[in-house]
Engineer: 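Got a structure for you, written out below as structure tokens; questions coming shortly.
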Amino acid sequence: MIEVKHLTKRYGNHTAVSDLSFTIEQGQIYGFLGPNGAGKSTTMNIMTGCLAATSGEVFIDGHDIFEEPMEAKKCIGYLPEQPPLYLDRTPREYLTFVARAKGLPEKEIPAHVDHVMEVTQTTDVANRLIKNLSKGYKQRVGIAQALLGDPEIIILDEPTVGLDPRQIIEIRELIGRLGESHTVILSSHILSEVQAICKTILIISQGKLVACDTPENLEKLFAGTATVELEALASGAEAEQILGTVPGITHLEVTNGGGTCHARVESGREDDRNLCADIFFAFSHAGKAIVSMGAARASLEDIFIELTGAKPEEPHTAHKPAEDAPGDLPEPAPEAEEKEDENE
């Protein structure tokens, strides 16, 4: 569906993207992760034909984005981080304008506009000025323009930035529905968001691809040895004695906590379920109760930090600094002070 081959983008002495290569398969939701300045937005702008590359190739459904831009762009619907909205128009007027700009047949435009508004649940605000809509509705209108023409690929750059928790959930659900009929590429700083809806995760750092796999495989890869954490109704000394009878333990940390103890157990085994079973029977044989026990796995945040050396931003962050200032696309009109729609 998408092939990126040895892509490089330089701004003077700064290399934003360095020899980047990856493949996007049809019918999945992909998460595109990386710290600020990693090259995510630059890569997306190149993939969508909005920015030239210094070198490399990008093929969209077999079409070279540089040699066959019109054919390639027909396969893509793109929502930049700042939605390209015209604030003095209504969603219906704006979407009709975008449909004409995309070259849709005039007779088919009303039906297309009605369809994308229905999918994005913006029909009820179709005739209100965009400047008077809430951030959540503006984002929905931005996604609606990306859907016009029914492109096979939807690329969304930070689609939930600046939204409140309820709006974030609604946009996530919308992206999940889009993934049923489109290939979706989602850039986000919210790791829980990516982990919740993406089937494959690409992590980029300093313009290079450092990981590409499913969340489950990434967790297994970075989990290393089997690790179990437990809380038991026993003293620390009793827990150490009991765990000393369990074969294969390579590292043990035990802390007391007022009538209970907490233990972290590491083993050279690959299967943490068997380790949990052995620990359970050891405590049972000693007549001590285990209050809770579970396998400790590497979180996506742990993996992100390990691969990039950077901490992800907090989910509540409303705005982030511009990732790659050169090449960012300007908005069609400066955004006026928002008047929130009380009905959202």
Engineer: Measure across V58 and F66 and return the closest heavy-atom pair with its distance rounded to 0.1 Å.
Structural biologist: N-CE1, 4.0 Å
Engineer: Is L79 linked to L174 within one hydrophobic cluster, defined over Ile, Leu, Val, Met, Phe, Trp and Tyr using a side-chain heavy-atom separation of less than 4.5 Å?
Structural biologist: yes
Engineer: Does the side chain of E229 come within less than 4.5 Å of R264's, by heavy atoms?
Structural biologist: yes
Engineer: Rounded to the nearest 0.5 Å, what separates atom CD1 in I168 from atom OG in S188?
Structural biologist: 8.5 Å
Engineer: Does the side chain of T122 come within less than 4.5 Å of Y137's, by heavy atoms?
Structural biologist: yes
Engineer: Got I2 and I60 here, is their nearest side-chain heavy-atom distance under 4.5 Å?
Structural biologist: yes
Engineer: Work out which heavy atom in A146 is nearest to a heavy atom in Y78; give both atom names and the distance.
Structural biologist: CB-N, 3.7 Å
Engineer: What's the separation between atom OG in S187 and atom CD in E81, rounded to the nearest 0.5 Å?
Structural biologist: 7.5 Å
Engineer: Of all the heavy-atom pairs spanning P83 and G142, show the shortest one and how long it is.
Structural biologist: CB-CA, 4.5 Å
Engineer: With heavy-atom distances below 4.5 Å as the criterion, would you say the side chains of E152 and M1 are in contact?
Structural biologist: yes
Engineer: When you look at I242 and I279, which way does the side chain to side chain contact (heavy atoms under 4.5 Å, CB included) test go after all the steps?
Structural biologist: CA-CA 8 Å; I242 294 170; I279 292 173; over 6 Å; no
Engineer: Kindly compute the distance separating OG1 (T260) from CD1 (I290), expressed to the nearest 0.5 Å.
Structural biologist: 13.0 Å
Engineer: Checking N256 side chain against G236 main chain: does a donor-acceptor pair fall under 3.5 Å?
Structural biologist: yes
Engineer: Taking the side chain from H6 and the backbone from S55, do they hold a donor-acceptor pair closer than 3.5 Å?
Structural biologist: no
Engineer: Determine whether K9 and T43 make a side-chain contact, defined as any pair of heavy atoms from C-beta on separated by less than 4.5 Å.
Structural biologist: no
Engineer: Please step through side chain to side chain contact (heavy atoms under 4.5 Å, CB included) for the pair I65 and K73, ending with a clear verdict.
Structural biologist: CA-CA 7 Å; I65 192 67; K73 290 179 182 180; 4.1 Å; yes
Engineer: Measure the spacing between CE of M117 and CZ of R92 and express it to the nearest 0.5 Å.
Structural biologist: 3.5 Å
Engineer: Using modelled atom types and a 3.5 Å cut-off, is there a donor and acceptor pairing between side-chain atoms of K102 and backbone atoms of Q145?
Structural biologist: yes
Engineer: Check whether L163 and I197 end up in the same hydrophobic cluster, where Ile, Leu, Val, Met, Phe, Trp and Tyr are linked by side-chain heavy atoms less than 4.5 Å apart.
Structural biologist: yes
Engineer: Give the ring-plane orientation class for F22 versus F32, where under 30° counts as parallel, over 60° as perpendicular and anything between as tilted.
Structural biologist: tilted
Engineer: Report, as yes or no, whether the 6.0 Å neighbourhood of atom CD on Q241 holds more than 12 heavy atoms from other residues, nucleotides or ligands.
Structural biologist: no
Engineer: Does the side chain of D61 come within less than 4.5 Å of K74's, by heavy atoms?
Structural biologist: no
Engineer: Can any side-chain N or O of T214 pair as donor or acceptor with the backbone N or O of K199 at less than 3.5 Å?
Structural biologist: no
Engineer: For R10, is there any backbone N or O sitting under 3.5 Å from a side-chain donor or acceptor partner on T54?
Structural biologist: yes
Engineer: Heavy atoms, side chains only, cut-off 4.5 Å: are H115 and D150 in contact?
Structural biologist: no
Engineer: Measure from the side-chain N and O atoms of S267 to the backbone N and O of G248, and report whether any donor-acceptor pair falls under 3.5 Å.
Structural biologist: yes
Engineer: Would you say that more than 12 heavy atoms from the other residues, nucleotides or ligands in this model lie under 6.0 Å from the NE2 of H251, or not?
Structural biologist: yes
Engineer: Assess the residue pair L209 and S21 against the criterion (side chain to side chain contact (heavy atoms under 4.5 Å, CB included)); give the C-alpha distance rounded to whole Å, side-chain angles, the decisive distance to 0.1 Å, and a yes or no.
Structural biologist: CA-CA 7 Å; L209 187 70; S21 297; over 6 Å; no
Engineer: With clusters defined by side-chain heavy atoms of hydrophobic residues (ILVMFWY) lying less than 4.5 Å apart, directly or transitively, does I169 cluster with I175?
Structural biologist: no
Engineer: For the residue pair V228 and C276, what are the closest heavy atoms and their distance?
Structural biologist: CG2-SG, 3.6 Å
Engineer: Examine V246 and L252 and state if one hydrophobic cluster contains both, with Ile, Leu, Val, Met, Phe, Trp and Tyr joined whenever side-chain heavy atoms are less than 4.5 Å apart.
Structural biologist: yes
Engineer: Roughly how far, to the nearest 0.5 Å, is CG of N127 from CD of E93?
Structural biologist: 8.0 Å
Engineer: Answer whether the closest heavy-atom distance between the side chains of I143 and I171 falls below 4.5 Å.
Structural biologist: yes
Engineer: Quick check: is V265 connected to F281 through a chain of hydrophobic side chains (ILVMFWY, heavy atoms under 4.5 Å apart)?
Structural biologist: yes
Engineer: Could you pull out the closest heavy-atom pair between I109 and L104, with the gap in Å?
Structural biologist: CD1-O, 3.8 Å
Engineer: Is atom CD of Q206 surrounded by more than 12 heavy atoms (other residues, nucleotides or ligands) closer than 6.0 Å?
Structural biologist: no
Engineer: Distance-only, no hydrogens or angles: does the T120 side chain make a donor-acceptor pair with backbone N or O of V116 under 3.5 Å?
Structural biologist: yes
Engineer: Nearest 0.5 Å please: distance from the NZ atom of K208 over to the CG atom of L20.
Structural biologist: 9.0 Å
Engineer: For side chain to side chain contact (heavy atoms under 4.5 Å, CB included), just list the numbers for L178 and V119, CA-CA rounded to whole Å, side-chain angles, deciding distance to a tenth of an Å, and then say yes or no.
Structural biologist: CA-CA 9 Å; L178 294 178; V119 170; 4.0 Å; yes
Engineer: Using atom types as modelled and distance alone, determine if a side-chain donor or acceptor of E57 lies under 3.5 Å from a backbone N or O of D64.
Structural biologist: no
Engineer: Between L133 and P91, what is the shortest heavy-atom contact and its length?
Structural biologist: CD1-CG, 3.9 Å
Engineer: Just by modelled atom types, is the T183 backbone N or O under 3.5 Å from a matching donor or acceptor in the Y30 side chain?
Structural biologist: no
